[in-house]
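The figures that follow rest on heavy atoms only: side chains count, while hydrogens, waters and symmetry mates do not.
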Amino acid sequence: MKITIISVGKIKEKYLRDAIDEYRKRLSRYCKLEIIEVPDEKTPDAASETVENQIREKEGERILKHVREDAYVITLEINGKMLDSLELAKKIENLGTQGESHITFIIGGSIGLGNSVLKRADFGLSFSKMTFPHQLMRVILLEQIYRSYRIINGEPYHK
């Protein structure tokens with residue numbers, strides 16, 4: 001299985017890059033992992049809804065350039081469906097058995113994802129009703145993908 005994570009913005013903090021590298025290493029025995037960063041747009045303070053929509057669409061164009069036609073796309077969105085770790089593992093496992101060989105997860109920028117990206121999604125996933133920094137979300141997502149593969153393979157994991 002190939003897993004691609006497309007994320008808006010660069011990771012500047014060393015501790016987050018270290019965590020990402022650790023999960024990249026751990027996941028290498030389970031799947032082929034690709035992480036793509038697309039540039040973010042600067043969002044002015046007190047930006048209007050129109051400006052925010054324009055920013056989301058610009059970032060969305062950059063994201064969609066990297067989405068392959070044959071990919072099963074999972075967007076991370078606050079209004080998506082919440083799954084526990086066992087349910088996410090089952091979803092990943094079921095996609096594999098249904099012939100999906102490429103899952104793409106998309107993490108938006110600081111103001112979320114544009115409509116064009118949301119329309120391309122096959123599934124919207126929410127980790128919480130809370131808002132997380134998009135840089136930290138990359139680490140959380142990688143940990144949950146790793147945990148999913150541990151569950152799928154019947155290996156121990158922390159509950």
Side-chain angles (χ1 to χ4, degrees), residues 1-11 13 15-40 56-57 59-110 112-159:
M1 170 90 55
K2 179 171 184 183
I3 303 280
T4 299
I5 297 173
I6 303 173
S7 184
V8 174
K10 289 201 173 299
I11 301 290
E13 296 83 359
Y15 71 96
L16 292 174
R17 285 195 314 266
D18 290 346
I20 289 166
D21 289 342
E22 177 63 26
Y23 283 110
R24 185 190 306 259
K25 186 173 72 179
R26 290 182 187 192
L27 279 164
S28 67
R29 62 186 285 233
Y30 300 108
C31 65
K32 184 173 191 248
L33 178 67
E34 177 183 31
I35 298 175
I36 298 169
E37 294 178 336
V38 299
D40 57 347
R56 282 190 284 267
E57 287 308 313
E59 291 174 346
E61 288 171 16
R62 293 178 189 145
I63 289 167
L64 291 173
K65 285 181 187 173
H66 296 282
V67 176
R68 290 186 18 192
E69 279 295 314
D70 63 341
Y72 184 91
V73 176
I74 298 176
T75 49
L76 274 60
E77 47 186 287
I78 203 160
N79 293 319
K81 182 170 174 48
M82 282 196 231
L83 303 177
D84 64 27
S85 296
L86 293 172
E87 291 169 325
L88 180 60
K90 193 70 167 163
K91 180 150 195 74
I92 291 171
E93 184 177 34
N94 287 345
L95 286 170
T97 58
Q98 293 167 4
E100 297 288 347
S101 60
H102 188 183
I103 301 173
T104 297
F105 290 90
I106 298 176
I107 303 171
S110 60
L113 293 167
N115 286 330
S116 59
V117 176
L118 296 173
K119 285 178 187 164
R120 174 57 182 90
D122 296 296
F123 186 79
L125 176 64
S126 174
F127 277 76
S128 172
K129 292 290 182 199
M130 291 185 262
T131 302
F132 296 101
H134 57 283
Q135 298 93 339
L136 180 60
M137 199 62 232
R138 206 176 309 179
V139 176
I140 295 169
L141 174 61
L142 284 166
E143 190 281 332
Q144 285 299 304
I145 294 169
Y146 173 69
R147 183 180 297 264
S148 292
Y149 276 108
R150 301 282 294 182
I151 293 167
I152 291 166
N153 288 287
E155 298 167 354
Y157 69 97
H158 294 288
K159 293 184 178 183

Query raised in the report: Can you name the salt bridge (Lys or Arg N to Asp or Glu O under 4.0 Å) partners of Lys32, sequence neighbours left out?
Result: none
**Report entry** Set of residues satisfying salt bridge (Lys or Arg N to Asp or Glu O under 4.0 Å) with respect to Lys25, sequence neighbours excluded
**Finding:** Glu22
Query - Residue list, side chain to side chain contact (heavy atoms under 4.5 Å, CB included) with Ser126, at least two apart or on another chain - result: Met82
Query raised in the report: Do Leu88 and Arg147 have side chains that get closer than 4.5 Å, going by heavy atoms?
Result: no
**Report entry** Full working for side-chain contact (heavy atoms from CB on, under 4.5 Å) between Tyr23 and Leu33
**Finding:** CA-CA 10 Å; Tyr23 283 110; Leu33 178 67; over 6 Å; no
Query raised in the report: For the residue pair Val117 and Gly60, what are the closest heavy atoms and their distance?
Result: CG2-CA, 3.5 Å
Report task. Could you list the residues that satisfy side chain to side chain contact (heavy atoms under 4.5 Å, CB included) with His134, not counting sequence neighbours? Result -> Ile107, Ser110
Query raised in the report: Hey, does the side chain of Gln144 reach the backbone of Ser85 with a donor-acceptor pair shorter than 3.5 angstrom?
Result: no
Requested in this report: Answer yes or no: is there a side-chain heavy-atom contact under 4.5 Å between Arg138 and Leu16?
Outcome: no
Report summary line: Residues pairing under side chain to side chain donor-acceptor pair (under 3.5 Å) where one sits in residues 73-83, two or more places apart or in two chains, turn out to be Thr75-Glu77
Requested in this report: Could you grab the distance from atom CD1 of Ile20 to atom OG of Ser7, nearest 0.5 Å is fine?
Outcome: 8.0 Å
Query raised in the report: Checking Arg150 against Tyr157: charged group under 6.0 Å from the ring centre and within 45 degrees of the axis?
Result: no
Query raised in the report: Who passes salt bridge (Lys or Arg N to Asp or Glu O under 4.0 Å) against Arg56, sequence neighbours left out?
Result: Glu49, Glu52
Report task. Could you walk me through whether Ile63 and Leu113 pass the side-chain contact (heavy atoms from CB on, under 4.5 Å) test, one step at a time? Result -> CA-CA 10 Å; Ile63 289 167; Leu113 293 167; 3.8 Å; yes
Requested in this report: Determine the minimum heavy-atom distance between Tyr146 and Leu27, stating which atoms define it.
Outcome: CA-CD2, 3.6 Å
Query - Heavy-atom side-chain proximity of Val38 to Glu59 below 4.5 angstrom - result: no
Report task. Could you tell me which residues satisfy side chain to side chain donor-acceptor pair (under 3.5 Å) with Arg68, sequence neighbours excluded, listed by chain and number? Result -> Asp70
Query raised in the report: Excluding sequence neighbours, so at least two apart, what forms salt bridge (Lys or Arg N to Asp or Glu O under 4.0 Å) with Glu69?
Result: none
Query raised in the report: If only atom types and distance count, is the side chain of Asp84 paired as donor or acceptor with the main-chain N or O of Leu86 below 3.5 Å?
Result: yes
Query raised in the report: Can you list the steps and then say if Phe123 with Leu95 is a side-chain contact (heavy atoms from CB on, under 4.5 Å)?
Result: CA-CA 12 Å; Phe123 186 79; Leu95 286 170; over 6 Å; no
Requested in this report: Would you give the length of the straight line joining atom CD1 of Ile145 to atom CD1 of Ile3, rounded to the nearest 0.5 angstrom?
Outcome: 5.5 Å
**Report entry** Partner residues of Pro39 under the side chain to side chain contact (heavy atoms under 4.5 Å, CB included) criterion, sequence neighbours left out
**Finding:** Arg62
Query raised in the report: Among all residues two or more places apart in sequence or in another chain, which pass the side chain to side chain contact (heavy atoms under 4.5 Å, CB included) test with Glu34?
Result: Lys2, Thr4, Ile36
Query raised in the report: Which pairs with one or both residues in residues 86-101 pass side chain to side chain donor-acceptor pair (under 3.5 Å), sequence neighbours excluded?
Result: Tyr72-Lys91
Query raised in the report: Which pair of heavy atoms, one from Lys129 and one from Ile78, lies closest together, and at what distance?
Result: O-CD1, 2.9 Å
Query raised in the report: Can you find a pair of side-chain heavy atoms, one from Leu141 and one from Phe127, that are under 4.5 Å apart?
Result: yes
Report summary line: Rounding to 0.5 Å, atoms CD1 (Ile5) and CD (Glu37) come to a distance of 11.0 Å
Query raised in the report: Which residues pass the side chain to side chain donor-acceptor pair (under 3.5 Å) test with Gln135, sequence neighbours left out?
Result: none
Report summary line: Interatomic distance, CG@Leu142 vs CG@Asp21, rounded to 0.5 Å, equals 10.0 Å
Report task. Scan side-chain atoms only and decide if Ser116 and Glu61 contain a donor-acceptor pair under the 3.5 Å cut-off. Result -> no
